[in-house]
Amino acid sequence: MGTRVAYRQVLWWTVRNASSTVFRPLQFWRCYPQPVRRLLCSSDSESVLQSTRQNHELGLLCGKPETEFSLRALVDLRFTDTQAQCVYAAVSKLKQRNNANQVLSTLTTLFDLGFNPSSVMKILDKCPELYSVKESQLKQCISNLRKLGLVEGSLQRMVAYYPKILTVPVKTVKNAVMFLREKCLFTTQQITLILRDSPSVVGENMEELEYKFQYVYFRMGVKQGEMVKSRLFDSALDTVRHRHCFLERRGFYQTPDKKGQTTVINPKLDSILNVSEDTFLSKVAKATAEEYDVFKRLLARECQEEEQQQGRIEYDSDEEEDDSEDEDTAGKNGYRNRRKK
């Protein structure tokens with residue numbers, strides 16, 4: 001009977017001093033009277049302490065969740081102790097410490113998307129910038145992505161793969177969508193698939209993006225539908241050009257004519273880009289790695305010579321324009337001199 005009374009006293013002291021136990025374990029220990037401390041040290045009370053700690057992690061015995069950024073608030077969001085400490089340490093390193101409280105709103109938004117604590121940790125590891133994103137910007141971005149056709153499932157898949165998309169301004173995303181629609185003539189459904197599978201496209205340089213599209217469309221004769229299926233915008237321009245030109249020089253690829261016909265069967269864009277270099281060489285190009293390396297060096301030299309030649313042509317044309325302007329000026333001056341005489 002006396003033991004039960006002592007247990008109740010321990011529990012009462014725990015609840016009363018709960019707010020200070022998260023960050024000040026030493027103070028938590030000193031707050032108990034001497035007899036209670038002895039009881040806590042006994043092996044018979046271990047189960048009581050464990051139960052008390054579990055109740056504390058679940059909400060401190062019907063207490064309200066923390067609204068300020070703290071370890072307790074992170075535990076209330078279903079993070080484990082280790083995860084909460086990692087998040088707390090990352091936020092503590094922020095240059096703008098006044099943004100700490102808005103981190104809770106960011107984390108809550110990620111949980112509302114359906115992510116569990118482990119997934120949220122992975123997202124934050126990939127994109128620490130999310131710690132500094134305002135809640136309003138985050139919700140506006142998510143709302144805009146949903147308007148673009150990214151429904152539940154597709155939205156979570158995109159965020160998990162490329163969480164940086166949540167830090168991109170809405171205006172930038174809209175500009176990328178407009179470019180894909182007006183310059184590349186992708187349909188609305190195709191644009192949704194591009195954003196889902198290749199979300200990094202929103203951060204690319206529009207001029208380089210346009211050049212990549214035009215190269216694949218005109219030089220390789222590939223239409224928009226196949227570009228989307230092969231996730232073209234995940235591949236670097238140099239990779240596309242190297243592999244295409246190598247196949248072309250070896251006679252395995254041919255640019256279609258106006259009717260879309262070729263004398264060889266061109267491999268699909270997906271089998272060219274979405275395979276490893278070893279698979280590309282052995283299955284598609286049927287060549288060795290040494291041959292491919294030599295070809296890339298020769299192609300780089302050719303491109304450099306073309307750029308130098310193009311630079312000389314532009315320089316010569318500028319000189320001709322300057323000479324013609326000088327002749328015009330001289331003629332006008334001579335005309336004025338003759339008029340004065």
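Basis for what follows: all heavy atoms, side chains included, without hydrogens, waters or symmetry-related copies.
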*Asks:* Are the side chain of R219 and the backbone of Q214 linked by a donor-acceptor contact shorter than 3.5 Å?
*Replies:*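 Not a single qualifying donor-acceptor pair exists.
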*Asks:* Side chains of E152 and Q156: any donor to acceptor distance under 3.5 Å?
*Replies:* yes
*Asks:* Between T262 and N266, which heavy-atom pair has the shortest distance, and what is it?
*Replies:*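 Nearest heavy atoms, T262 then N266: CG2-ND2, 3.7 Å.
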*Asks:* Could you tell me if the side chain of L148 sits less than 4.5 Å from the side chain of I191, heavy atoms only?
*Replies:* no
*Asks:* Would you mind telling me which of R297, K296, R249 makes a salt bridge (Lys or Arg N to Asp or Glu O under 4.0 Å) with E302?
*Replies:* R249
*Asks:* Would you say the side-chain atoms of S282 pair up with the backbone N or O of D278, donor to acceptor, closer than 3.5 Å?
*Replies:*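 Confirmed, S282 side chain pairs with D278 backbone.
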*Asks:* Less than 4.5 Å apart, any side-chain heavy atom of Y161 and any of R196?
*Replies:* no
*Asks:* Please give me the minimum heavy-atom distance between S271 and V284, naming the atom from each residue.
*Replies:* O-CG2, 3.6 Å
*Asks:* Using a strict threshold of under 4.0 Å (side-chain N to carboxylate O), is an ion pair present between D238 and R241?
*Replies:*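 Result for this pair is yes, salt bridge flagged.
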*Asks:* Has the side chain of T106 got a donor or acceptor atom that lies under 3.5 Å from a matching backbone atom of V133?
*Replies:* yes
*Asks:* Hey, what do you get for CD1 (I272) to OH (Y253), rounding to the nearest 0.5 Å?
*Replies:*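 The distance works out to 5.5 Å.
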*Asks:* List the steps, then state whether ring-ring contact (aromatic ring centres under 6.0 Å, His included) holds for F111 with F79.
*Replies:* CA-CA 11 Å; F111 281 117; F79 284 110; 5.4 Å; yes
*Asks:* Are Q83 and L74 packed together at the side-chain level, in the sense that at least one heavy-atom pair is separated by less than 4.5 angstrom?
*Replies:*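 The answer is no, as the side chains (C-beta and beyond) never meet within the 4.5 Å cut-off.
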*Asks:* Taking C-beta and beyond as the side chain, do T167 and C127 meet within less than 4.5 Å on heavy atoms?
*Replies:* yes
*Asks:* What pair of heavy atoms forms the shortest contact from C245 to L299, and how long is it?
*Replies:*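 Of all heavy-atom pairs spanning C245 and L299, the closest is CB-CD2, 4.3 Å.
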*Asks:* NZ/K164 to CD1/I123 distance, rounded to the nearest 0.5 angstrom?
*Replies:*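 Here the rounded value is 16.0 Å.
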*Asks:* Whether the side chain of Q85 engages the backbone of T82 through a donor-acceptor N/O pair (distance < 3.5 Å, no angle test) should be reported.
*Replies:*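 No, the answer is negative, given that no donor and acceptor are paired below the 3.5 Å cut-off.
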*Asks:* Look at the side chain of K229 and the backbone N and O of L269, then say whether any donor-acceptor pair between them is shorter than 3.5 Å.
*Replies:* no
*Asks:* So, does K126 use its side chain to make a donor-acceptor pair with the main chain of A160 at under 3.5 Å?
*Replies:*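 The answer is yes, because a donor-acceptor pair under 3.5 Å joins these two groups.
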*Asks:* Measuring only between side-chain heavy atoms, which start at C-beta, is T255 closer than 4.5 Å to M220?
*Replies:* no
*Asks:* Ignoring hydrogens and angles, tell me if any N or O in the side chain of S198 forms a donor-acceptor pair with the backbone of V201 under 3.5 Å.
*Replies:*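 Not at all, since once roles are kept as given, no pair shorter than 3.5 Å links the two residues.
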*Asks:* Is a donor on one side and an acceptor on the other found under 3.5 Å between the side chain of Q102 and the backbone of S132?
*Replies:*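 The answer is yes, because a donor-acceptor pair under 3.5 Å joins these two groups.
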*Asks:* How far apart are the C-alpha atoms of V228 and I194, what are their side-chain angles, what is the distance that settles it, and do they pass the side chain to side chain contact (heavy atoms under 4.5 Å, CB included) test?
*Replies:* CA-CA 6 Å; V228 175; I194 291 173; 4.0 Å; yes
*Asks:* Should the pair R243 and F280 be classed as cation-pi, given the thresholds of under 6.0 Å to the six-membered ring centre and 45° from the axis?
*Replies:* yes
*Asks:* Determine the minimum heavy-atom distance between V240 and S235, stating which atoms define it.
*Replies:*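 Between these two residues, the closest heavy atoms are CG2-CB, 4.0 Å.
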*Asks:* If we ignore angles and hydrogens, is there a donor and acceptor under 3.5 Å between the side chains of H244 and Y215?
*Replies:* yes
*Asks:* Report whether F218 and L180 are members of the same hydrophobic cluster (ILVMFWY, side-chain heavy atoms less than 4.5 Å apart, transitive linking).
*Replies:* yes
*Asks:* When rounded to the nearest 0.5 angstrom, what is the spacing between OG1 in T279 and CG in N274?
*Replies:* 11.5 Å
*Asks:* Could you tell me the separation between the CE atom of M158 and the OG1 atom of T192, rounded to the nearest 0.5 Å?
*Replies:* 10.5 Å
*Asks:* Can you confirm whether V168 sits close enough to C141 that some side-chain heavy atom of one is under 4.5 Å from a side-chain heavy atom of the other?
*Replies:* no
*Asks:* I need the Q190 CD to L185 CG distance, nearest 0.5 Å.
*Replies:* 10.0 Å
*Asks:* Give, for atom CG of L138 and atom CG of L110, the distance between the pair rounded to the nearest 0.5 Å.
*Replies:* 6.0 Å
*Asks:* Under 4.5 Å between side-chain heavy atoms, hopping through other hydrophobics if needed: is there a path connecting M206 to F233?
*Replies:*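 Yes, because M206 and F233 connect within a single hydrophobic cluster, where side-chain heavy atoms sit under 4.5 Å apart.
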*Asks:* Kindly assign one of parallel, tilted or perpendicular to the pair F295 and F246, based on the angle between their ring planes and the thresholds 30° and 60°.
*Replies:* tilted
*Asks:* Are the side chain of S230 and the backbone N or O of E226 linked by a donor-acceptor pair below 3.5 Å?
*Replies:*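 At least one qualifying donor-acceptor pair exists.
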*Asks:* What are the two closest heavy atoms between M227 and V222, and how far apart are they?
*Replies:*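 Shortest heavy-atom separation between M227 and V222 comes out as CE-O, 3.2 Å.
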*Asks:* Is it the case that atom OH in Y292 sees more than 12 heavy atoms from other parts of the structure closer than 6.0 Å?
*Replies:* yes
*Asks:* Hey, is E129 close enough to K134 for a salt bridge, meaning N to O under 4.0 Å?
*Replies:* no
*Asks:* Is there a side-chain contact between P267 and L247 (heavy atoms, below 4.5 Å)?
*Replies:*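 The answer is yes; the side chains approach within 4.5 Å.
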*Asks:* Any side-chain to backbone donor/acceptor pair from S154 onto L150? Under 3.5 Å, distance only.
*Replies:* no
*Asks:* When you check the side-chain N and O atoms of T109 and D112, is any donor under 3.5 Å from an acceptor?
*Replies:* no
*Asks:* If every non-hydrogen atom of M121 is compared with every non-hydrogen atom of V87, which pair is closest and at what distance?
*Replies:*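 That would be SD-CG2, 3.5 Å.
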*Asks:* Is K139 paired with E135 through a side-chain N to carboxylate O contact shorter than 4.0 Å?
*Replies:*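 A salt bridge links E135 with K139.
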*Asks:* If we only count heavy atoms from C-beta on, is the L71 to V75 side-chain gap below 4.5 Å?
*Replies:* no
